[in-house]
2 protein chains.
Amino acid sequence: MPVIKSSREEAVEAIMREFRNSGYDAASLARLSAATGLGKSSLYHYFPNGKEDMAKAAVARTVELVAEAVIEPLTGVGSLKARVQKAMTGLARFYNGGKASCLVDLFTVGEAEAATPGLAKAMAEALLRAFAGAAEEAGHPKRQAKDIAERAVVEIEGALVLARALGSTRPFQRMLARLPALLLGGKA
Amino acid sequence: MPVIKSSREEAVEAIMREFRNSGYDAASLARLSAATGLGKSSLYHYFPNGKEDMAKAAVARTVELVAEAVIEPLTGVGSLKARVQKAMTGLARFYNGGKASCLVDLFTVGEAEAATPGLAKAMAEALLRAFAGAAEEAGHPKRQAKDIAERAVVEIEGALVLARALGSTRPFQRMLARLPALLLGGKA
DNA sequence: GTCTATAGTATGATAGAC
DNA sequence: GTCTATCATACTATAGAC
């Protein structure tokens with residue numbers, strides 16, 4: 001999908017989309033060039049270290065978006081139930097209703113780890129912390145809250161994989177529907 | 001009769017391992033050659049269509065192993081509880097305790113889908129059917145059994161992703177520990 | 001069946017004009 | 001900042017000797 005962009009921020013957005021669609025190894029410079037509407041030289045102007053820098057920028061932008069869509073709602077103001085619901089809306093938006101993949105998955109395969117060392121792990125840990133905080137706030141003891149957070153991230157990642165494999169967003173939608181009860185422990 | 005693996009069968013085993021380690025796009029012919037100990041020409045002798053044929057053979061072998069490790073135990077003889085436990089052991093073995101990835105995940109990204117069209121989906125559906133059968137046998141109504149099976153596959157795939165991201169098999173082990181209760185509905 | 005050698009293409013990356 | 005043109009390398013795949 002050749003969308004003409006000009007600014008670096010717009011390029012990063014397109015690059016992130018391309019990585020989330022193709023994974024790291026299949027996202028060639030030719031594809032990234034087409035996705036951004038920028039020639040290779042322009043890409044190297046913005047990202048001097050090439051694909052590696054693009055991957056790092058894509059992860060950085062992803063971290064921002066996840067924080068905005070999921071983590072900030074969870075740690076913000078308002079009733080816990082309302083904040084969890086906001087986070088579900090954020091998850092649905094960020095993962096495009098289950099159609100978009102997660103870099104925690106795609107960037108832990110193949111050559112990606114060498115380009116973005118530790119970044120996928122850090123993203124996963126940020127999600128774990130945010131969900132654990134919510135579960136603790138819901139009244140679960142610390143240990144149990146960590147387990148619940150792990151289950152939440154496991155369900156998100158797994159639902160995205162299954163949705164991709166089946167070509168249906170249903171598994172993701174059903175996962176979103178059961179997440180609040182998991183986090184709140186039926187106290188919703 | 002002694003089971004002597006043909007050179008091709010051994011090659012398929014090594015190729016499957018390489019694809020499960022690197023994903024489709026990062027598994028170059030050079031890596032596949034190194035993994036099998038066969039030169040490129042030998043690989044083309046066994047797999048005339050090259051990487052595409054290797055990917056198909058890897059999936060076919062994976063389907064065999066999943067059937068053997070998970071599906072046959074679930075649909076076999078013995079008490080349901082014992083069969084579910086056998087399937088958990090099979091899952092632990094097949095996914096190397098959480099260290100190995102799943103082709104349902106890796107082969108739905110990048111160029112893999114073109115090489116093995118529909119195969120990852122078929123694998124996911126086979127797992128869903130097997131788990132749904134077990135859940136139904138445990139007394140869950142058909143509709144609920146399908147939901148439970150979906151949750152089981154979601155948990156397996158998600159746990160593998162998180163384990164990979166964190167560099168720890170713990171999430172996979174904890175997932176295995178809670179799967180029986182999910183399938184049996186506490187009636188274990 | 002396996003080897004060496006190599007074809008043809010795509011890749012990541014640069015140089016230099018404008 | 002963006003272009004065209006190009007580099008060196010790695011890729012998939014093939015040919016032909018043995």
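Throughout, protein chains are lettered first and strands after them, A, B, ... in sequence-line order, and every chain is numbered starting at 1. Just so it is clear, the structure is predicted and the values come from calculations on it, not from any experiment. For the numbers below, each heavy atom of this structure counts, side chains included, while hydrogens, waters and symmetry mates do not.
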Review point. Atom CG of Leu43(B) to atom P of dT14(D): distance rounded to whole Å?
Key: 13 Å
Under 3.5 Å, sequence neighbours excluded: what are the donor-acceptor pairs made by side chains of residues 104-112 of chain A?
from: Asp105(A); atom 1: OD1; to: Arg164(B); atom 2: NH2; distance (Å): 2.6
from: Asp105(A); atom 1: OD2; to: Arg164(A); atom 2: NH1; distance (Å): 3.3
from: Asp105(A); atom 1: OD2; to: Arg164(A); atom 2: NH2; distance (Å): 3.3
from: Thr108(A); atom 1: OG1; to: Val104(A); atom 2: O; distance (Å): 2.9
from: Thr108(A); atom 1: OG1; to: Asp105(A); atom 2: O; distance (Å): 2.8
from: Thr108(A); atom 1: OG1; to: Arg164(B); atom 2: NE; distance (Å): 3.0
from: Thr108(A); atom 1: OG1; to: Arg164(B); atom 2: NH2; distance (Å): 3.3
from: Glu111(A); atom 1: OE2; to: Arg31(B); atom 2: NH1; distance (Å): 2.9

Practice item. Calculate the interatomic distance between Lys40(B) atom NZ and dC11(D) atom P; express it in whole Å. Key: 7 Å
Review point. Does Ser168(B) reach the main-chain N or O of Ala163(B) with its side chain, forming a donor-acceptor pair under 3.5 Å?
Key: no
Check your understanding: With no hydrogens and no angle check, do the side chains of Gln173(B) and Thr169(B) hold a donor and an acceptor under 3.5 Å apart?
Key -> no
**Study point:** Side chain Thr36(B), main chain Ser33(B), donor-acceptor under 3.5 Å
**Key:** yes
Study note, to complete from the structure: Winner on side-chain proximity to His45(B), out of dG12(C), dT2(C), dT12(D), is dT2(C)
**Study point:** Smallest separation among heavy atoms of Ala135(B) and Ile148(B), with atom names
**Key:** CB-CG2, 4.0 Å
Practice item. Taking all non-hydrogen atoms of both residues into account, name the closest pair between Pro73(B) and Ala87(B) and its distance. Key: CB-N, 4.1 Å
Practice item. May I ask you to evaluate whether Tyr44(A) reaches the phosphate of dG1(D), defined as a side-chain N or O under 4.0 Å from OP1 or OP2? Key: no
Practice item. Please report, rounded to the nearest Å, how far the P atom of dA13(C) is from the CG atom of Leu32(A). Key: 11 Å
Exercise for review: Provide the full list of ring-ring contact (aromatic ring centres under 6.0 Å, His included) pairs with a residue in residues 61-86 of chain A, sequence neighbours left out, each pair given once.
Suggested key: none
Taking only distance into account, with no hydrogens and no angle test, what donor-acceptor pairs under 3.5 Å do side-chain atoms of residues 53-60 of chain B form with protein atoms, sequence neighbours excluded?
from: Asp53(B); atom 1: OD2; to: Asn49(B); atom 2: N; distance (Å): 2.9
from: Lys56(B); atom 1: NZ; to: Glu52(B); atom 2: OE2; distance (Å): 3.2

Review point. Which nucleotide, dC11(D), dT12(D), dG1(C), lies nearest any side-chain atom of Ala30(B)?
Key: dC11(D)
Review point. Cation over ring, Lys51(B) on Tyr24(B), under 6.0 Å and within 45°?
Key: yes
Exercise for review: Can you spot which of Val153(A), Val84(A), Leu182(A) makes a side chain to side chain contact (heavy atoms under 4.5 Å, CB included) with Phe131(A)?
Suggested key: Val153(A)
Exercise for review: Quantify the bending of the helix from dG1(C)-dC18(D) to dC18(C)-dG1(D) as the angle between its end axes, each fitted on five pairs, to 10°.
Suggested key: 0°
Study note, to complete from the structure: Leu29(A) has its side chain closest, among dC3(C), dG12(C), dC3(D), to dG12(C)
**Study point:** Residues in contact with DNA chain C, drawn from residues 47-59 of chain B - heavy-atom cutoff 4.0 Å
**Key:** none
Review point. Can the positive tip of Lys99(B) be found less than 6.0 Å from the middle of the six-membered ring of Phe172(B), inside 45° of the ring normal?
Key: no
Check your understanding: Please give, in whole Å, the distance from dG1(D) P to Leu38(A) CG?
Key -> 11 Å
Exercise for review: May I ask you to verify if any side-chain N or O of Ser28(B) is less than 4.0 angstrom from the OP1 or OP2 atom of dC11(D)?
Suggested key: yes
Study note, to complete from the structure: note: Asp25(A), atom CG; dT11(C), atom P; distance rounded to Å ~ 12 Å
I'd like a list of close polar pairs between nucleotides 15-18 of chain C and the protein, N/O only, cut-off under 3.5 Å.
from: dA15(C); atom 1: N6; to: Ser41(A); atom 2: OG; distance (Å): 2.6

Check your understanding: When the distance from CD of Glu111(B) to P of dT12(D) is rounded to whole Å, what number comes out?
Key -> 11 Å
